[in-house]
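We count residues from 1, following the sequence as given. Numbering of ligands and ligand atoms starts at 1, following listing order.
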Amino acid sequence: MCSEVSDGYARRAMEYAEHLGSMAAVHPSDRQLVDTWAASIVGQVIDAGCGPGHWTHHLVQQGLSASGVDLVPDFIDRARTSYPGVPFDVGNLDAIDVADGTVGGVLSWYSLIHHEPDTIQVPLGEFARVICPGGGLLIGFFEGPKIESFDHAVVTAYHWPTDALSHELRVAGFDIVEAHTRTGLHHRPHGAVVARRADTP
Ligand SMILES: C[S@@+](CC[C@H](N)C(=O)[O-])C[C@H]1O[C@@H](n2cnc3c(N)ncnc32)[C@H](O)[C@@H]1O
């Protein structure tokens with residue numbers, strides 16, 4: 001699946017960046033949620049699956065020590081050009097190149113949407129491994145009444161019920177802090193879960 005995701009986004013990286021790769025394209029309530037979450041984070045933040053890097057840059061502008069990681073080299077090249085001085089690296093969320101317990105928070109904004117449901121514990125386990133006890137995780141995703149695939153413009157993606165994703169987060173070692181959903185006429189239902197790394201695995 002990784003190569004399908006990587007190839008799919010590589011083909012459409014510029015198009016994605018032009019349409020969705022800026023804070024101007026972000027829903028105001030998402031921005032507020034991320035800003036509120038970010039204000040609670042102590043230490044390094046990883047923007048996991050950063051795409052064109054606008055969230056990473058935004059977090060840096062909020063005063064955080066943030067870096068972006070993404071599977072797609074075209075995104076990372078573009079992010080480095082757009083936001084010089086902000087650290088970006090090519091990497092896989094299934095094997096994050098960071099030591100255990102050294103990160104204060106992970107933002108995973110729509111970056112796990114392409115994971116097949118029976119593989120979701122792999123990146124969640126990596127988030128749990130790198131985040132220090134008490135550290136924060138914020139996940140944005142496509143909400144839905146059941147776990148179900150759909151033809152996303154880039155490559156197959158999945159809807160998740162908030163309860164089902166919250167269960168997976170608990171299994172991975174997180175406590176759920178809060179959850180948000182939003183529906184709208186022209187958008188797929190949106191979900192976001194704020195979670196906290198449990199003190200003991
Ligand atoms: C829908 S885009 C979201 C990008 C960005 N977070 C945003 O909000 O615009 C999904 C991103 O996740 C990245 N991604 C998906 N699976 C990944 C993986 N296993 N490792 C690293 N990045 C991944 C994709 O390359 C893509 O940039």
Enquirer: Please report the C-alpha distance between Tyr158 and Phe141 in whole Å, then the side-chain angles of each, then the deciding distance to 0.1 Å, and finally whether the ring pair (Phe, Tyr, Trp, His ring centres under 6.0 Å) criterion is met.
Expert: CA-CA 9 Å; Tyr158 295 84; Phe141 59 98; over 10 Å; no
Enquirer: Within the 4.0 Å heavy-atom shell around His54, which atoms of ligand 1 are there?
Expert: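 Every atom of ligand 1 under 4.0 Å from some heavy atom of His54: 7 (C), 9 (O).
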Enquirer: In the protein, what heavy atom is nearest to atom 19 (N) of ligand 1, and what distance, to one decimal place, separates them?
Expert: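 Going by distance alone, atom 19 (N) of ligand 1 is nearest to Asn92 OD1, 2.9 Å.
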Enquirer: Identify the protein heavy atom lying closest to atom 27 (O) of ligand 1, giving its residue, its atom name and the separation to 0.1 Å.
Expert: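 Here the nearest protein heavy atom works out to Asp70 OD2, 2.6 Å.
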Enquirer: Taking atom 12 (O) of ligand 1 as the point of reference, which of Cys2, Gly68, Pro52, Ser111 owns the nearest heavy atom?
Expert: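 It is Ser111 that holds the nearest heavy atom.
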Enquirer: Tell me whether the count of non-hydrogen atoms from other residues, nucleotides or ligands lying under 6.0 Å of CG in Asp151 goes above 12.
Expert: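 Incorrect, the count does not exceed 12.
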Enquirer: Using heavy atoms and a threshold below 4.0 Å, how should the contact between Tyr9 and ligand 1 be classified: side chain, backbone, both, or neither?
Expert: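 The side chain, only.
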Enquirer: Can you name the side-chain hydrogen bond (donor to acceptor under 3.5 Å, both in side chains) partners of Ser108, sequence neighbours left out?
Expert: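 In terms of side-chain hydrogen bond (donor to acceptor under 3.5 Å, both in side chains), with neighbours along the sequence ignored, Ser108 is linked to Ser111.
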Enquirer: Could you check atom 10 (C) of ligand 1 against the protein and tell me its nearest heavy-atom contact, residue, atom and distance included?
Expert: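 Going atom by atom, the protein heavy atom closest to atom 10 (C) of ligand 1 ends up being Tyr110 O, 3.4 Å.
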Enquirer: Consider every N or O of Leu93 and every N or O of ligand 1, then say whether any pair is closer than 3.5 Å.
Expert: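 So ligand 1 has an N or O lying under 3.5 Å from an N or O of Leu93.
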Enquirer: Indicate yes or no: does Asp89 engage Arg80 in a salt bridge with an N to O separation below 4.0 Å.
Expert: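 Yes, charged N to carboxylate O under 4.0 Å.
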Enquirer: Could you tell me whether Gln32 atom CD has more than 12 heavy atoms of other residues or ligands within 6.0 Å of it?
Expert: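 Not more than 12 within 6.0 Å, no.
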Enquirer: Check Asp175 with Arg197, please: is the shortest side-chain N to carboxylate O separation under 4.0 Å?
Expert: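 So Arg197 does not pair with Asp175 through a salt bridge.
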Enquirer: What do you reckon, does His152 put a non-hydrogen atom under 4.0 Å from ligand 1?
Expert: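 The answer is no: ligand 1 sits nowhere under 4.0 Å from a heavy atom of His152.
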Enquirer: Tell me the contacting part of Leu71 for ligand 1: side chain, backbone, both, or neither, using a 4.0 Å heavy-atom threshold, strictly below.
Expert: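 Both the backbone and the side chain of Leu71 come within reach of ligand 1.
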Enquirer: At a 4.0 Å cut-off, with the gap strictly under it, does some heavy atom of Gly21 reach an atom of ligand 1?
Expert: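 Gly21 does not count as a contact of ligand 1 under the 4.0 Å cut-off.
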Enquirer: Mind checking who shares a hydrophobic cluster with Ile76, ILVMFWY linked at side-chain heavy-atom distances under 4.5 Å?
Expert: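 So far as hydrophobic clustering goes, Ile76 is joined with Val60, Tyr83, Val86, Phe88, Val90.
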Enquirer: Of the side chain and backbone of Cys50, name the one, both, or neither that has a heavy atom under 4.0 Å from an atom of ligand 1.
Expert: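 Cys50 to ligand 1: backbone contact only, side chain stays beyond 4.0 Å.
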Enquirer: Looking at side-chain heavy atoms only, is the closest gap between Ile139 and Trp109 below 4.5 Å?
Expert: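 When only atoms from C-beta onward are counted, Trp109 and Ile139 do not touch, as no gap falls below 4.5 Å.
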Enquirer: If you take the nearest heavy atom of each of Tyr16, Trp109, Trp55, which one is closest to atom 9 (O) of ligand 1?
Expert: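 Looking at heavy atoms only, Tyr16 sits closest to atom 9 (O) of ligand 1.
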Enquirer: So if I count the atoms of ligand 1 from 1 in the order they appear, which ones are less than 4.0 Å from some heavy atom of Phe75?
Expert: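 Answer for ligand 1: 27 (O).
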